[in-house]
There are 2 protein chains.
Amino acid sequence: MQQTLELSSEVLAQRLADSGLRATPQREMIYEMVLKKRDHPTADEVYARVRADMPGISLATVYNCLETLVQCDLVRAVHFERGPTRYCPNLRPHAHFHDEQSGTIHDVNLTPELLAQIRAVLPPGYDARTVEVTFRGKASPLTSSEHRVAGSE
Amino acid sequence: MQQTLELSSEVLAQRLADSGLRATPQREMIYEMVLKKRDHPTADEVYARVRADMPGISLATVYNCLETLVQCDLVRAVHFERGPTRYCPNLRPHAHFHDEQSGTIHDVNLTPELLAQIRAVLPPGYDARTVEVTFRGKASPLTSSEHRVAGSE
DNA sequence: AGTGAGATTTAGAACTATTCCAATGATATA
DNA sequence: TATATCATTGGAATAGTTCTAAATCTCACT
Ligand SMILES: [Mn+2]
Ligand SMILES: [Mn+2]
Ligand SMILES: [Zn+2]
Ligand SMILES: [Zn+2]
């Protein structure tokens, strides 16, 4: 787990370099924050968390860095209704369950088989680059706290 | 087809009455506009279309009426990324294919069997009130213009 | 037909999340 | 060390939507 965090900055540096971008303290900090507490935070929430360690950072930079991480395929942007964009470091194929009671987001693993079945509903000529599955409802507390999907990548 | 339009205002009046609401010219006009051209218009687009027949209507009323129609389960609000809310009169279970090239939205029928399979990925304790499936990609013009899903309800 | 309560519409202000902008600061390279 | 480029910053601007308060309409009841 410590290793994962250490490695993450190397992964980040590599991905940034691949895109001709620099590894900055802000980018590293934001990336590690998103990895650390994988609760699909909004930009504002990331801002609040990062400011504890890096008080001078600006909200604009948080938006810039998150967008950069998305471009580098290290983080995914996810949307619920018209709410603020949330950021997810789980890169495996998964669905999102939005608990209407608590407002929390839960990852739900999707098998390649199911994804294939879903894609199969598309008529010929439709070429889907991405498939998104979103649930909305209630998750009973007893089970929701136990559920955990495997880490990203 | 003419019948469908005539009946629609009765359906509307009934649904509104069920919710203790009144049938107004604005609500009728907006509902018929959304039914007439089922291309998932935004509030702005509905506003533009409705103004041709009802020049004095306000954008606030368009938002109000669309929200009312959603509450009455006559129209569904759908979202893509952080774009403006779009409105869909197709009440059957279906997915949305968002063509990135043209920006158009296509309905894709979903069978109850597939929906059941998708729900089956949820761990025990997760109770999904809604399931949403969204594709993003490109639809080749040749086939996309031919594809049509059955009318709503 | 007239009145009043409540529903509806309206214009514009306010709001939220995000993006844009221009200035400043940091970094890599020559 | 100079220079070009990249990155960050604070604040202004933007887009979509919601809110507010006043005007208008509708309906039930007299
Ligand atoms: Mn946000
Ligand atoms: Mn709109
Ligand atoms: Zn996720
Ligand atoms: Zn639709």
Side-chain angles (χ1 to χ4, degrees), chain A residues 9 12-31 33 40-51 53-72 74-88 103 105, chain B residues 9 12-13 15-31 33 40-51 53-72 74-87 103 105:
Chain A
S9 73
L12 172 62
Q14 188 54 59
R15 291 292 184 92
L16 288 169
D18 291 348
S19 304
L21 301 172
R22 297 173 183 167
T24 66
Q26 288 89 345
R27 285 171 178 167
E28 285 173 0
M29 171 101 285
I30 286 170
Y31 183 45
M33 277 297 170
H40 304 83
T42 64
D44 271 346
E45 285 163 351
V46 172
Y47 181 44
R49 291 174 196 176
V50 165
R51 263 204 294 190
D53 294 19
M54 194 180 269
I57 198 169
S58 76
L59 178 57
T61 297
V62 173
Y63 274 104
N64 290 339
C65 292
L66 288 170
E67 173 62 16
T68 297
L69 295 175
V70 169
Q71 295 311 322
C72 292
L74 289 165
V75 162
R76 281 153 57 161
V78 304
H79 300 94
F80 299 97
E81 314 275 303
R82 292 247 340 144
T85 303
R86 312 190 83 96
Y87 296 89
C88 171
I105 311 299
Chain B
S9 75
L12 172 62
R15 290 291 185 90
L16 288 169
D18 291 349
S19 303
L21 302 173
R22 297 172 182 168
T24 67
Q26 289 88 345
R27 285 171 178 165
E28 285 173 0
M29 169 100 287
I30 286 170
Y31 183 44
M33 277 296 170
H40 303 83
T42 64
D44 272 346
E45 286 164 351
V46 172
Y47 182 44
R49 290 173 196 176
V50 166
R51 263 203 295 188
D53 294 18
M54 195 180 264
I57 199 170
S58 77
L59 179 56
T61 297
V62 173
Y63 275 104
N64 290 341
C65 292
L66 287 170
E67 173 61 16
T68 297
L69 295 176
V70 169
Q71 296 310 322
C72 293
L74 289 165
V75 163
R76 280 152 59 162
V78 305
H79 301 94
F80 300 96
E81 314 277 304
R82 292 244 343 142
T85 304
R86 313 189 82 95
Y87 296 88
I105 310 300

With sequence neighbours left out, write down each residue that passes side-chain contact (heavy atoms from CB on, under 4.5 Å) with D53(B), or none if nothing qualifies.
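side-chain contact (heavy atoms from CB on, under 4.5 Å) check on D53(B) returns M29(B), M33(B).
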Going by the rule side-chain contact (heavy atoms from CB on, under 4.5 Å), which residues pair with E67(A) if we only count those two or more places apart in sequence or in a different chain?
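Q71(A).
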What residues form a side chain to side chain donor-acceptor pair (under 3.5 Å) with R51(B), not counting sequence neighbours?
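In terms of side chain to side chain donor-acceptor pair (under 3.5 Å), with neighbours along the sequence ignored, R51(B) is linked to Y47(B).
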What residues form a side chain to side chain donor-acceptor pair (under 3.5 Å) with T61(B), not counting sequence neighbours?
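Per chain and number, T61(B) pairs via side chain to side chain donor-acceptor pair (under 3.5 Å) with S58(B).
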Separation of [X] atom [atom1] from [N] atom [atom2], in whole Å?
X      : N       : atom1 : atom2 : result
E28(A) : dT8(D)  : CD    : C1'   : 15 Å
L16(B) : dT26(D) : CG    : P     : 14 Å
H79(A) : dT17(D) : NE2   : P     : 14 Å
I30(B) : dT9(C)  : CD1   : P     : 8 Å
L66(A) : dT19(C) : CG    : C1'   : 14 Å
E81(B) : dG16(D) : CD    : C1'   : 16 Å
R51(A) : dG10(D) : CZ    : C1'   : 13 Å
M54(B) : dT8(C)  : CE    : C1'   : 13 Å

OG1-CG distance between T68(B) and L74(B), expressed to the nearest 0.5 angstrom
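These two atoms lie 10.5 Å from each other.
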Does anything in residues 16-27 of chain B pair up under side chain to side chain donor-acceptor pair (under 3.5 Å), and if so which pairs, sequence neighbours excluded?
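Every pair satisfying side chain to side chain donor-acceptor pair (under 3.5 Å) with a residue in residues 16-27 of chain B: Q14(B)-D18(B).
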Heavy-atom distance under 4.5 Å between the side chains of L12(B) and L69(B), does that happen here?
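The answer is yes, as the side chains (C-beta and beyond) meet within the 4.5 Å cut-off.
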Pairwise side-chain contact, I30(B) with I57(B), heavy-atom cut-off 4.5 Å (strictly under):
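Yes, their side chains come closer than 4.5 Å.
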Using the test ring-ring contact (aromatic ring centres under 6.0 Å, His included), find all partners of H79(B) that sit at least two apart in sequence or belong to another chain.
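Expected list: none.
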Taking salt bridge (charged side-chain N to carboxylate O under 4.0 Å, His left out) as the definition, give me every residue that meets it alongside R76(A), ordered by chain and number, with sequence neighbours left out.
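R76(A): no salt bridge (charged side-chain N to carboxylate O under 4.0 Å, His left out) contacts found.
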Could you pull out all residues at least two apart from E81(B) that satisfy salt bridge (charged side-chain N to carboxylate O under 4.0 Å, His left out)?
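By the salt bridge (charged side-chain N to carboxylate O under 4.0 Å, His left out) rule, E81(B) matches R136(B).
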Dot-bracket for DNA chain D, 5' to 3', Watson-Crick and G-U pairs with both distances under 3.5 Å, [ ] for crossing pairs, | for partner on another strand, reads ||||||||||||||||||||||||||||||
When you check the phosphate oxygens OP1 and OP2 of [N], does a side-chain N or O of [X] lie under 4.0 Å from one of them?
X      : N       : value
T24(A) : dT8(D)  : yes
R27(B) : dT8(C)  : yes
Y63(B) : dT17(D) : yes
T85(A) : dA17(C) : no

Could you write nucleotides 10-15 of chain C as a row of B, S and -, 5' to 3', where a protein heavy atom under 4.0 Å of any base atom gives B, of only sugar-phosphate atoms gives S, and otherwise -?
BB----
Nucleotides 27-30 of chain D: which of its N/O atoms have a protein N/O under 3.5 Å away?
none

5' priority, DNA chain D, between G20(A) and R82(A) [closest heavy atom]
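Its nucleotide being nearer the 5' end, the pick is G20(A).
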Minimal non-hydrogen separation, A43(A) against Y87(A), with atom names
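It is N-CE1, 4.1 Å.
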